[in-house]
Amino acid sequence: MEIIRIPHDSYIDLRFPFDLSMMQIEGKGELNMIRSPETDLGLSHVALVVRDLDKSIAFYQEFADLQVIHRRTAGGDIEEVAWMADGSRPFALVLVASTNLNDTPLGPFGHIGIACAKPGDVSRRAAEAERRGILRSAPRNDGPPVGLWTYISDPDGNTLELSFGQEIAFSIGSGHDALEVSSRT
């Protein structure tokens, strides 16, 4: 059993799925995480350095429908950290607030992709981004498997792609065997 100690002056939003069996709280200000079969495996997060955490949180809430699931103060060059997720899978956007760290923004082509529920969501959010002067690429429909997409700049210059109709789940196929076949071609 592997135990990881983490300073614990944070919160976890229990509205989102979270397995508390992997955690034990011991003593003031300390959280132990125990690796168990329920611990996340595989692709788990993307982290971005941001200058104004509250401004970035508001952006990703409005344009990507993400919610804060964890937030904590940090130390050293990092002032504060927030994890944001949509609750549909164990994957988080990690926003790391720092005025000391210098990082290269993601983009203009590199991006974080968010699938929207309706084509109108892409168009409406692109129109709002254009009104604010942060639209990088007007909505465009490239057909299957890419679908309708647009690029928007976040407050720190990272690129957010909003899309509808991308066929990633279909392209992966069903089960692990489809991934193995795909990786060999």
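Positions are given from 1, in the same order as the sequence printed here.
Of all non-hydrogen atoms in Ala126 and Pro139, the two that sit nearest each other are CB-CG, 3.5 Å. Nearest heavy-atom pair across Ala117 and Phe164 is O-CE1, 3.2 Å. Between Leu160 and Ala64, the closest heavy-atom pair is CD2-CB, 4.3 Å. Closest non-hydrogen pair, Val146 versus Gln166, comes out as O-CG, 2.6 Å.
Judged purely by distance below 3.5 Å, without hydrogens or angles, the side chains of Arg51 and Thr99 never pair a donor atom with an acceptor atom. Using modelled atom types and a 3.5 Å distance limit, the side chains of Asp156 and Ser56 yield a donor-acceptor pair. Under 3.5 Å, the side chains of Ser88 and Asp86 contain a donor-acceptor pair of N or O atoms.
Under the 4.5 Å side-chain criterion, counting only non-hydrogen atoms from C-beta, Tyr60 is in contact with Ile112. The side-chain heavy atoms of Ile134 and Phe59, taken from C-beta on, include a pair separated by under 4.5 Å. Counting heavy atoms from C-beta outward, Leu95 and Met84 have side chains that approach closer than 4.5 Å. Side-chain contact between Thr73 and Glu79: absent, with no pair of heavy atoms (C-beta onward) separated by less than 4.5 Å. Annotation: side chain of Leu48 is in contact with side chain of Leu93 (closest heavy-atom distance under 4.5 Å). For the pair Leu106/Thr159, no side-chain contact is recorded, criterion being any heavy-atom separation below 4.5 Å from C-beta on.
With rounding to the nearest 0.5 Å, the separation of CD1 in Ile168 from OG in Ser163 is 7.0 Å. A distance of 10.5 Å separates CZ of Phe63 from CG of Asp154, quoted to the nearest 0.5 Å.
Looking at Asp54, Leu53, Asp52 one by one, the single match for side chain to side chain contact (heavy atoms under 4.5 Å, CB included) with Val50 turns out to be Leu53.
Comment: Glu80 engages Arg71 in a salt bridge, judged by a side-chain N to carboxylate O separation of less than 4.0 angstrom. Arg125 and Asp65 are joined by a salt bridge, as a carboxylate oxygen and a charged side-chain nitrogen come within less than 4.0 angstrom of each other. Between Glu128 and Arg132, at least one side-chain nitrogen of the basic residue sits less than 4.0 Å from a carboxylate oxygen of the acidic one, meeting the salt-bridge criterion.
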Give the C-alpha distance, both sets of side-chain angles, the deciding distance and a yes or no for side-chain contact (heavy atoms from CB on, under 4.5 Å) between Trp149 and Asp142.
CA-CA 8 Å; Trp149 61 273; Asp142 287 341; 2.8 Å; yes
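Between Tyr151 and His111, the ring centre distance stays below 6.0 Å.
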